[in-house]
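One structure below.
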Amino acid sequence: MTVRVRFAPSPTGHLHVGGARTAIFNWLFAKHRGGTFIVRVEDTDQARSTRESEEMVLDDLRWLGLDWSEGPDVGGPHAPYRQSERVEVYSAAAQQLLASGTAYRCFCTEELLEAKRKQAEAEGRPPHYDGTCFRLSPQEISARLNMWMPFALRFHVPEDGDVTIDDMIRGEVTWRKESLGDFILVRSDGLPTYNFSVVVDDHDMEITHVIRAEEHLTNTHRQVLIYRALGWDVPQFAHVSLILGQDRSKLSKRHGATSVSQYAEQGYLPDAMVNYLALLGWSTPDGREVFDREYAIGHFSLDRVNPAPAVFDPQKLDWLNGQYIHAMSAAELRPLVARFFDAPWLEEGIDVVKTSVHRLTEFREQLRFVTDYTPPRPSPPAPLPAAREEGGQRPGEGPSIDRPFAIALLHELRTNGTPTDAEGVKAMNERLKIATGLKGKALFMPLRLALTGLDHGPELVRAIPLLRHASELDPAVLSPLRRAEACIA
RNA sequence: GGCGCAUUCGUCUAGGGGUCCAGGACGCCGCCCUCUCACGGCGGUAACACGGGUUCGAAUCCCGUAUGCGCUACCA
């Protein structure tokens with residue numbers, strides 16, 4: 001039997017990282033087993049679902065690089081893949097349950113149910129449906145039907161409600177016949193509830209493995225009862241734990257970015273995102289943590305998925321994203337970076353600074369020494385020792401520069417020109433060493449300061465040629481020569 | 001309240017009775033590389049929630065407690 005799995009998002013906003021990880025696990029599982037990955041939209045909650053959200057979620061999945069062979073956008077043998085368009089399928093199943101007596105019409109209003117719930121809770125009883133409508137006689141039912149009273153369809157939980165599943169992540173989970181009240185299958189507006197539609201769809205779409213979030217674990221109890229009442233085979237279940245924020249509560253907006261589109265905007269790469277999310281709960285058999293999709297597909301298994309919830313760690317994501325960026329060539333990176341920041345000299349710029357970048361958006365800041373330049377102030381005469389605070393800068397440090405050094409540099413650039421490569425920079429350094437009598441840090445720091453205006457940045461043998469090339473390609477970039485002049489003015 | 005799930009370094013995790021005074025990764029700290037900042041290399045810090053069992057032996061099995069989370073909706 002070939003594996004068929006599905007990811008079933010509710011279209012109520014962008015795809016969240018938790019959903020993304022569930023989708024990734026489903027996708028990896030399907031690919032690993034040579035099965036089929038399906039996307040199904042669960043939009044029976046009309047108040048919250050929108051078509052725009054559906055598009056966003058699908059776009060987010062595409063951005064992650066996941067592909068599905070059946071879904072609302074591509075169709076498939078079990079179309080439609082949008083629950084709001086599948087009402088006939090549900091009513092057929094509902095009729096079957098109604099006919100067999102497992103389901104019954106409930107005429108209770110929401111207000112009445114709410115009142116009963118409150119009452120039960122106040123008396124310390126479980127807040128379950130009291131079965132009023134289950135006891136209605138056929139006469140009473142037809143009377144209400146004749147009055148056009150709206151009704152919902154309720155599932156009658158059998159006396160022997162014991163259910164055991166063998167969860168692929170958690171092992172055996174058993175629910176004894178316990179506090180489980182008769183629950184709604186079809187709402188009075190005719191749309192099915194989650195527990196009903198999910199069973200009907202998973203059966204209809206021949207889903208073999210249901211891999212979903214842990215929040216659905218206890219719902220499985222109800223769902224298995226429905227499977228049994230309908231005489232259907234129960235699929236394999238695998239419940240993946242939740243993703244938590246730093247404070248160990250369920251990840252939400254106040255923890256910062258939670259949707260994958262936000263991560264895309266912040267300069268994370270899809271490959272890094274998939275890698276990181278896969279690592280949140282799953283571990284590789286050989287312990288490696290940086291891997292591509294082929295590796296993940298080849299080695300994925302639900303046995304290695306941890307049942308405990310995991311805290312989302314932005315620092316590790318940053319590190320991983322950096323690993324991917326560092327491994328890419330400047331040519332590969334350029335079109336991706338150009339989304340955030342562009343310049344004619346961008347590719348060389350990327351090549352020079354990429355080791356200090358963890359997110360694509362950081363290139364802009366790392367290359368600011370090219371686009372922006374403020375000449376360092378001249379060295380102050382003799383700082384007053386009394387004015388120094390503990391831990392303050394000592395004389396001679398800080399973003400300032402000696403006038404004689406600036407003059408020597410300007411002379412060097414005018415006489416020999418600005419180096420165009422690392423060899424040229426080294427030659428220039430040798431000449432400056434002789435001209436100024438400085439060497440090592442005493443030479444390089446003032447040089448860096450004079451040409452970049454900053455006391456840190458990429459190595460000068462790379463930075464100086466970049467500045468020259470950039471100024472030749474881009475009139476907005478001040479050349480090294482002009483910078484040296486500015487130091488003296 | 002009831003039911004269910006979970007609990008190894010700050011974080012992600014390896015571990016499925018002895019090879020574990022617990023291994024890897026991120027972070028943090030130190031050293032090296034080095035003009036600076038990164039990158040990279042090397043080293044260090046740091047954990048089996050608690051209490052009972054079972055066993056010659058438990059991080060690993062069982063029970064309880066605590067804590068966290070989920071469900072208990074005409075949300076999914």
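Just so we're on the same page: letters track the sequence lines, and every chain starts at 1.
Taking the ring centroids of A:His209 and A:Phe237, they lie at or beyond the 6.0 Å cut-off. Between A:His203 and A:Tyr227, the distance separating the two ring centers is not shorter than 6.0 angstrom. Aromatic pair A:Phe312/A:Tyr263: centroids less than 6.0 angstrom apart.
At the heavy-atom level, A:Arg48 lies under 4.0 Å from base atoms of the strands shown. A:Gly322 comes within contact range of no nucleotide atom at all, as no heavy-atom separation falls under 4.0 Å. Contact annotation for A:Glu362: no contact, since no heavy-atom pair falls under 4.0 Å across all strands. Note on A:Arg304: only backbone sugar-phosphate atoms sit closer than 4.0 angstrom, heavy atoms only; bases stay farther off. Using a 4.0 Å heavy-atom cutoff across all strands shown, A:Asn306 reaches sugar-phosphate atoms only and no base atom. Residue A:Leu153 is classed as having no contact, given no heavy-atom separation below 4.0 Å to the nucleic acid. Contacts of A:Arg222 with the nucleic acid, taken as non-hydrogen atoms under 4.0 Å apart, involve only primed sugar atoms and P, OP1 or OP2. Heavy atoms of A:Pro458 sit under 4.0 angstrom from at least one base atom. Nucleic acid contact for A:His239: none, since no nucleic acid atom lies under 4.0 Å from a heavy atom of the residue. No contact: A:Ser241 has no heavy atom under 4.0 Å from any strand. In this structure, A:Gly287 reaches neither bases nor backbone, as no heavy-atom distance under 4.0 Å exists between it and the strands shown. If you check every strand for non-hydrogen atoms under 4.0 Å, A:Ser356 touches sugar and phosphate atoms only. Nucleic acid contact for A:Cys108: base, since at least one base atom lies under 4.0 Å from a heavy atom of the residue. Here A:Ser10 lies in heavy-atom contact (under 4.0 Å) with sugar-phosphate atoms only.
No hydrogens or angles were tested; on distance alone, a donor-acceptor pair under 3.5 Å links the side chain of A:Glu289 to the base of B:G24. Side-chain atoms of A:Thr218 stay outside donor-acceptor range of the base of B:C3, with no qualifying N/O pair under 3.5 Å. Side-chain N/O atoms of A:Arg448 and base N/O atoms of B:C35 include a donor-acceptor pair closer than 3.5 Å. A:Asn219 contributes a side-chain N or O that forms a donor-acceptor pair with the base of B:A76 under 3.5 Å.
Atom P of nucleotide B:U13 and atom CG of A:Asp303 are separated by 16 Å, given to the nearest angstrom. For the pair A:Lys433 NZ and B:C35 P, the computed distance is 10 Å after rounding to whole Å. Atom P of nucleotide B:C5 and atom NE2 of A:His221 are separated by 12 Å, given to the nearest angstrom.
The partner of B:A6, taking Watson-Crick or G-U wobble pairs whose two distances both stay under 3.5 Å, is B:U67. Shown here, B:U34 forms no base pair; nothing in the strands shown gives a Watson-Crick or G-U wobble contact with both key distances under 3.5 Å. Figure legend. B:C28 is base-paired to B:G44; pairs are counted as Watson-Crick or G-U wobble with both atom distances under 3.5 Å. B:U19 makes up no base pair with any nucleotide shown, lacking Watson-Crick or G-U wobble contacts both under 3.5 Å. Partner assigned to B:A14 is none, using Watson-Crick or G-U wobble distances below 3.5 angstrom. Of all nucleotides present, none satisfies the Watson-Crick or G-U wobble test against B:C75 with each distance under 3.5 Å. The base-pairing partner of B:U55, taking Watson-Crick or G-U wobble contacts with both distances under 3.5 Å, does not exist among the strands shown.
In the set B:C74, B:C26, B:A14, the nucleotide with an atom closest to the side chain of A:Lys316 is B:C26.
To the nearest whole angstrom, the two P atoms, one in B:A22 and one in B:C9, are 14 Å apart. As rounded to the nearest Å, B:C56 and B:U11 have C1' atoms that lie 38 Å from one another. Straight-line distance between the P atoms of B:C71 and B:G52: roughly 35 Å, to the nearest whole Å. Going from the P atom of B:A76 to that of B:G40 covers 47 Å, rounded to whole Å. Comparing the P positions of B:C26 and B:G43 gives a spacing of 13 Å, expressed to the nearest Å. With both ends at atom P, the span from B:C35 to B:G44 equals 28 Å, rounded to whole Å. With C1' as the reference atom, B:U60 and B:U55 are 13 Å apart, rounded to whole Å. On the P atoms, B:C61 is 30 Å away from B:U72, given to the nearest whole Å.
Taking every heavy atom of both residues into account, A:Glu42 and A:Ala8 meet most closely at OE2-CB, 3.3 Å.
For A:Trp319, there are no side-chain hydrogen bond (donor to acceptor under 3.5 Å, both in side chains) partners, not counting sequence neighbours.
When only modelled atom types and interatomic distance are considered, A:Arg468 and A:Thr418 share no side-chain donor-acceptor pair under 3.5 Å.
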